[in-house]
Amino acid sequence: MEILIIIIFLTKLKLNNVIMNEIKNIFRAFLATFIIASVLIGCNSKETTLFEITYNSSLGLDGYDGRLLLIIAKDTLKEPRFQINDSDETGIIIGKNVNQWRSDQKQLFTSSSLAYPIDNLSELESGTYFVQALLHKYDTFNLSNGKTVQLPMDQGEGQKWNISPKNLYSRPFKIDFNKNSKNTVKIEITEEIPPIKPAEDSEYIKHVKIKSKLLSEFWGRPMYLQANVLIPEGFNKENKTQYPLMVFHGHFPKTIGGFRTSPPTAPKKDGIFTSRFGITGYKYIQEKEAYDFYKNWVSKDFPRFLVIEIQHQNPYYDDSYAVNSANLGPYGDAITYELIPKIEEMFNGVGEGWGRFLYGGSTGGWEALAVQVFYPDQYNGCFAACPDPIDFRAYTVVDIYKDDNAYYKSGNFRKTLRPGMRDGKGHIKAQLIDMNRREYILGDKGRSGDQWDIWQAVYSPVGEDGYPKPIWDKLTGKIDRDVANYWRENYDLRYIIERDWNKIGKDLEGKINIYCGDMDNYYLNNAVVLTEKFLENTQDPYYSGEVDYGNNAEHCWNGDQDNPNYISRLRYNTMYLEKIKDRLKKTAPRNHRLKNWSF
């Protein structure tokens, strides 16, 4: 109103027409800006607070740093915190960072809060839901590179946010949500996840934990590695027998799996359908395979060797990928030069490269090949099953060197979403954009503790903020070509093998074996095909290994052409023994002190 009065007043002044017109134009522009601002303010005023979260003061008086998660679900059989995944049955999750959050402070989630799988909370439809809040706590790390970061410290669970001890959570409860109501849902966090009891030693299984000097220096606090060790029948520290070491790489192992000293107790026909394999009675099959392995292990003529599964969980994931990394530190050196020699000293291992072998599937498959490549004379062979992408021209379905966007393949008139996961018949189960959005909501700056973020943490340089520099924008998919080039030079295994073949080829001859199903659910076979093409053309020397494929086999096929995947995946510790025996026959010294290897 005041603006209109001024304009009317000015029109009554005896000013020439030019000046008068200029003044009118100025006020018209100002009035337009005022109207637009009023509209915007009006829009913002419509943003409503939907959820209000606090925690009970009995859980602590000091402020907490971390990621506050709000989970919304329909299923009543499981808590909402166990219902976030990449399937069509996922619940909804919303996240926000908190710093020094105290019990007397309210944390708000509004209609504009970003969410997964919906875009934001304004899209939450009216209905009956079960809700739960969880605080994933962060610690502060002062790294040796001079950066300070906040990350979740593993608490013995293998870096899983929904079961990590010391995390705080609320009890789930039912709400009748009306998106047109102005009522705010109030949630109080009252529970703390209890500690996890460490696995106990037994006659054949030991657990050896060491403080790593290398990792402690990098992280600026004590950091540990643990080996779960399966020791051979008849082991005696005082005898002269030596044992080859089998490093079974993979995800976080609480203890040695697939080994039991008593017969199966599960019923053969339990009526429980395992959708992954399309069978029932899988628990019985697992127990029987574990017991059969034990019977072989203690039999008179079975080859005697050591098996280790490594606990190398860290603030980014349930394992480190067993290589040195700018963001995770020198895990490769720590495992190869600190942990393994300790185990070999304790349990009469050979203690030299000719007596060490690597195998594993998926993450463990990548680790087996990577460790063999980066430490070519420290190990005598790898068996890499369904490895994570080993050629980044096929980073699942993305060529990070040529594609501009990870989420879309674009033409002149349309964009096509890239798939992230398929079933055995090729039907798409999840898109890359959705899988990455879930991780972004779980934790920004690569802190989700999940698959795409750990690849980024291992392979990327350190960003200016101290966190891994993103390979692509997590929300849009735009690829950073500089980061991609860094990945190629440091972690693209096919590229590195080809680039350095004249240096490392001799030490890798006869040591590389790769297996993958040609219908791998994560398209990992694409990179294996590209790698095989190079390996089959190697010269001086020829690689003299093996690459094999399972016809119509899904993740994680490991080289067994005779048995279904649900059986062969339980036999890693025995299925490569004949190939290992052949390798030892060619490379072990004549005065070896191995037992039952028949050469």
Side-chain angles (χ1 to χ4, degrees), residues 50-51 69-95 109 113-134 160-163 172 174-177 179 251 271-280 282 362 386 396-398 405-409 414-443 448-453 455 474-477 517 519-525 552-556 565-566:
L50 301 180
F51 294 88
L69 301 169
L70 169 64
I71 309 104
I72 303 170
K74 285 280 192 178
D75 188 352
T76 62
L77 299 179
K78 296 180 291 187
E79 292 184 43
R81 60 181 164 135
F82 299 122
Q83 296 186 49
I84 303 303
N85 51 61
D86 292 322
S87 78
D88 295 337
E89 302 302 319
T90 184
I92 295 171
I93 189 165
I94 311 96
F109 286 92
S113 296
L114 296 183
Y116 164 85
I118 59 176
D119 283 342
N120 53 60
L121 272 178
S122 68
E123 297 182 1
L124 182 64
E125 296 295 334
S126 299
T128 300
Y129 300 99
F130 291 84
V131 297
Q132 187 173 36
L134 183 145
K160 293 179 175 57
W161 61 271
N162 53 8
I163 62 170
K174 184 173 71 172
I175 64 169
D176 292 315
F177 178 75
K179 66 182 305 178
H251 292 288
I272 299 174
F273 182 72
T274 303
S275 59
R276 176 178 177 182
F277 305 121
I279 61 172
T280 59
Y282 193 51
S362 194
C386 51
T396 68
V397 295
V398 182
N405 192 287
Y407 300 157
Y408 300 98
K409 180 176 174 59
R414 63 166 287 174
K415 295 193 300 184
T416 302
L417 282 169
R418 297 187 195 273
M421 184 182 180
R422 62 182 172 182
D423 66 15
K425 295 181 179 179
H427 301 148
I428 306 304
K429 299 182 71 175
Q431 309 283 3
L432 280 185
I433 190 172
D434 297 320
M435 298 167 78
N436 279 266
R437 184 180 183 88
R438 176 181 58 78
E439 292 191 3
Y440 180 80
I441 299 300
L442 280 172
S448 70
D450 221 320
Q451 187 61 75
W452 297 90
D453 278 345
W455 284 337
K474 203 72 169 173
L475 294 179
T476 69
M519 280 299 293
D520 188 276
N521 303 96
Y522 305 98
Y523 306 90
L524 302 178
N525 51 300
N552 287 326
E554 299 180 55
H555 192 75
C556 181
N565 198 6
Y566 65 81

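No experiment lies behind these values; they were computed from the predicted model shown.
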Test salt bridge (charged side-chain N to carboxylate O under 4.0 Å, His left out) applied to Glu554 - qualifying residues, sequence neighbours left out: none

Heavy-atom side-chain contact between Phe177 and Ile72 under 4.5 Å: no

N/O donor-acceptor pair under 3.5 Å between Arg81 side chain and Ile163 backbone: no

Test item: Asn120 and Ser113 side chains (from C-beta on) under 4.5 Å apart, heavy atoms: no

Closest approach of Ala406 to Val398 (non-hydrogen atoms, all atoms of both residues): O-CG2, 3.6 Å

Any donor-acceptor pair under 3.5 Å from Glu439 side chain to Asp453 backbone: yes

Which atom of Tyr116 lies closest to which atom of Asn85, heavy atoms considered: OH-O, 2.7 Å

4.5 Å side-chain heavy-atom contact, Glu89 and Asp75: no

Beyond-backbone contact of Ile93 with Leu70, side-chain heavy atoms, under 4.5 angstrom: no

Distance, nearest 0.5 Å, that separates CG of Asp520 from SG of Cys556: 7.0 Å

From CA spacing to verdict: side-chain contact (heavy atoms from CB on, under 4.5 Å), Met421, Ile428: CA-CA 6 Å; Met421 184 182 180; Ile428 306 304; over 6 Å; no

Nearest-0.5 Å distance that lies between atom CE in Met435 and atom CG in Asp86: 4.5 Å

Approximate separation, where rounding is to 0.5 Å, of Tyr522 OH and Thr396 OG1: 11.5 Å

Pairwise salt bridge (charged side-chain N to carboxylate O under 4.0 Å, His left out) hits with a residue in residues 416-435, at least two apart: Asp403-Arg418

Pairwise side-chain contact, Arg438 with Pro117, heavy-atom cut-off 4.5 Å (strictly under): no

Ile441 and Leu114, any side-chain heavy atoms less than 4.5 Å apart: yes

Residues in side chain to side chain contact (heavy atoms under 4.5 Å, CB included) contact with Phe130, at least two apart in sequence or another chain: Thr76, Pro80, Lys174

Side chain Thr280, main chain Gly271, donor-acceptor under 3.5 Å: no

Backbone N/O of Lys78 and side chain of Gln83: donor-acceptor pair under 3.5 Å: yes

Exceeds 12 heavy-atom contacts within 6.0 angstrom, atom OH of Tyr129: yes

Heavy-atom pair with the smallest gap, counting every atom of Lys179 and Ser126: N-OG, 3.0 Å

Whether Tyr282 and Tyr566 hold their rings parallel, tilted or perpendicular, with breakpoints at 30° and 60°: perpendicular

Expected output: side-chain Ser448 to main-chain Asp450 donor-acceptor under 3.5 Å: yes

4.5 Å side-chain heavy-atom contact, Phe51 and Ile94: no

Donor-acceptor pair, side chain of Thr90 and main chain of Ile84, under 3.5 angstrom: no

Atom pair OG1/CG of Thr128 and Asp176 - distance to nearest 0.5 Å: 4.0 Å

Gly95 versus Leu69, closest heavy-atom pair with distance: CA-CD2, 3.9 Å

Residue pair Tyr407, Gln431: steps toward the side-chain contact (heavy atoms from CB on, under 4.5 Å) verdict: CA-CA 8 Å; Tyr407 300 157; Gln431 309 283 3; over 6 Å; no

Shortest non-hydrogen separation from Ser362 to His555 and the atoms involved: OG-NE2, 2.9 Å

Atom NZ of Lys409: over 12 foreign heavy atoms under 6.0 Å: no

From CA spacing to verdict: side-chain contact (heavy atoms from CB on, under 4.5 Å), Ile92, Ile118: CA-CA 7 Å; Ile92 295 171; Ile118 59 176; 4.1 Å; yes

Stepwise side-chain contact (heavy atoms from CB on, under 4.5 Å) check, Phe82 with Asn162: CA-CA 7 Å; Phe82 299 122; Asn162 53 8; 3.5 Å; yes

Within 45° cone of Tyr440 ring axis and under 6.0 Å: Lys474 NZ or CZ: no

Heavy-atom closest contact (Leu475 atom, Arg437 atom, distance): CD2-NH1, 3.7 Å

Flag side-chain contact, heavy atom, 4.5 Å: Ile433 against Thr476: no

